[in-house]
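The structure appears below as structure tokens.
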Number of protein chains: 2
Amino acid sequence: MTILSTDGKPRQRAPSKKSLQTRERILDAAENLFAQRGFEGASIRDIAEAAGVPTALVNFHGGPKDALYFHIVERRAKELSDSRLLALQRARERNGDRPLALRDVLACFIMPYLEKAMHEGAHWRAYARLVAQVSADERWKHISQACFDPTAQVFVEELSRLYPQADKMAVSTGFVFSVASMLTMSTSLWRMEALGDGAGAAALFEERAQILLQFCEHGLDATLGKPTLT
Amino acid sequence: MTILSTDGKPRQRAPSKKSLQTRERILDAAENLFAQRGFEGASIRDIAEAAGVPTALVNFHGGPKDALYFHIVERRAKELSDSRLLALQRARERNGDRPLALRDVLACFIMPYLEKAMHEGAHWRAYARLVAQVSADERWKHISQACFDPTAQVFVEELSRLYPQADKMAVSTGFVFSVASMLTMSTSLWRMEALGDGAGAAALFEERAQILLQFCEHGLDATLGKPTLT
DNA sequence: GTCTATATGTAGATAGAC
DNA sequence: GTCTATCTACATATAGAC
């Protein structure tokens, strides 16, 4: 039974400080390589080399490869979910009795993600690509269910409250379109640059974030604000 | 030098009819497995087994693995591009001097893709997932450049004509968001079902296509119709 | 906890008979 | 064109010394 197995059993003893540092280095290296090359494209050996440890140590700290992958996604998922739910709670408090605006609900979901990717460095940018991989591949459905769906459900329900006449299928469809657009900020900046004139494109992340919010807000409003076509 | 190498050199002799059938079976099997498991996740051996041929025959007809991957994406790219450009040309003819509506431009790009995925069977649905993989991974940038960018550029320029005051960066950003939303129809139906109530979700592809068009049309119009925020 | 050594399986690719 | 057999490299994972 390994430390990082997914069944949640606690370790027998507290790990040493040095062990924790080693473990972090391994997880960070794995996060980077998985994000860059995908699950099958990143080998345990590559990860060990990037972390500067023998390969056996990756398995010791990370367990089997699929458990390592799960754990790396899970590791930052709680922080991200907490940021989103906290933002939502505060927005509700600010509004008192009035219902939230669509733009506010969207911003509570999208901005915590973008802010971490923008301001908290390479780890979160790699993590963002990892999330995109998991979200677009049904083979990782169990990871989405465990790490993302609970929070996503909260936001889908919030949208349903704002547009009570829209059926749930339309709401979840529009929400997934919005998430896909958001994730594409992390996976496809290179594509935007190739299709635009490319001048200073990478520097305009803030501007693109506004475009994203605008895009999703009006797309969702048009989708949910009127009956679905037949 | 193999038949399918990417340098475009012609074969020395015309292949036999039987050879062509074998080749098709291999390419179809590869398309399916690459779409399902990604480039590294699908092995030459898996592909050979799915096609019912010895592994050596996959290399003979497909060349090195990366050339095979490229070729499979390229194989249907031309048909898809042609459908899109033809739809655009016809829409222009229908309109005479009047400029195209945003909705029409979007439909010319999106509908050929969705119609093939809907009505032309499993091959195109697998291909759609393959396109999503390539479009979201910078490692395959050369494939996007060769197979998708020329047509994408035409549509970006068409959008720029409709919104001449919008800068090109905003146009390409909004376009990539739209493409990401479109591709998510092929990769994440399972996610929409998980987040919606799930009842009959898979059967409502047509309805979702309308939602997609509505979403992208109003998202783009809001994004491009007013000056970008600062 | 860490490392060396290794067990065991599978990967991509090709040689050469037919 | 096709297939068998095989080369070589690399994969995941663990055993067992320290």
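Since this is a predicted model, take the numbers as computed values, not measurements. In what follows, chains carry the letters A, B, and so on, assigned in the order in which the sequence lines appear, proteins first and then strands, with residues in each chain numbered from 1.
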Start with the C-alpha gap between A/L27 and A/L68, add the side-chain angles, then the distance that decides, and say whether side-chain contact (heavy atoms from CB on, under 4.5 Å) holds.
CA-CA 8 Å; A/L27 294 180; A/L68 173 62; 3.7 Å; yes
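In this structure, A/R25 places its CZ atom 13 Å from C1' of C/dG1, rounding to the nearest Å. When rounded to the nearest whole Å, the span between CD of A/E40 and C1' of C/dG12 equals 16 Å. To the nearest angstrom, P of D/dT4 lies 16 Å from CZ of B/F60. Distance, A/I44 CD1 to C/dT6 P: 21 Å, rounded to whole Å. Following rounding to the nearest Å, A/K65 (NZ) and D/dT14 (C1') show an atom-to-atom distance of 17 Å. Protein atom CD1 of A/I26 is 12 Å distant from nucleotide atom C1' of C/dC3, rounded to whole Å. Across the protein-nucleic acid pair, B/F34 atom CZ and C/dA11 atom P stand 12 Å apart, rounded to whole Å. Atom CG in B/L20 sits roughly 8 Å away from atom P in D/dG1 (whole-Å rounding).
Between B/S19 and D/dG1 there is a side-chain N or O to OP1 or OP2 distance below 4.0 Å. Remark: A/S43 is in phosphate contact with D/dA11, judged by side-chain N or O atoms under 4.0 Å from OP1 or OP2. Of the side-chain N and O atoms in B/N59, one or more sit less than 4.0 angstrom from OP1 or OP2 of C/dA13.
Evaluation of the salt bridge (charged side-chain N to carboxylate O under 4.0 Å, His left out) rule for A/R75 yields A/D28, A/E31 as partners, not counting sequence neighbours. In this structure A/E74 satisfies the side-chain hydrogen bond (donor to acceptor under 3.5 Å, both in side chains) test with no other residue, sequence neighbours excluded. When the salt bridge (charged side-chain N to carboxylate O under 4.0 Å, His left out) test is applied to B/E24, no partner is found at least two apart in sequence or on another chain. With sequence neighbours left out, the side-chain hydrogen bond (donor to acceptor under 3.5 Å, both in side chains) criterion links A/E40 to A/R139. Residues forming a salt bridge (charged side-chain N to carboxylate O under 4.0 Å, His left out) with A/R37 (at least two apart in sequence, or on another chain): A/D46.
With C/dC3, C/dG1, D/dT2 as the candidates, the nucleotide lying closest to the side chain of A/L57 is C/dC3.
Contacts of residues 48-56 of chain B with DNA chain D (heavy atom under 4.0 Å): B/P54, B/A56.
The pair B/E120-B/R125 does not count as a salt bridge, with every side-chain nitrogen at least 4.0 angstrom from each carboxylate oxygen.
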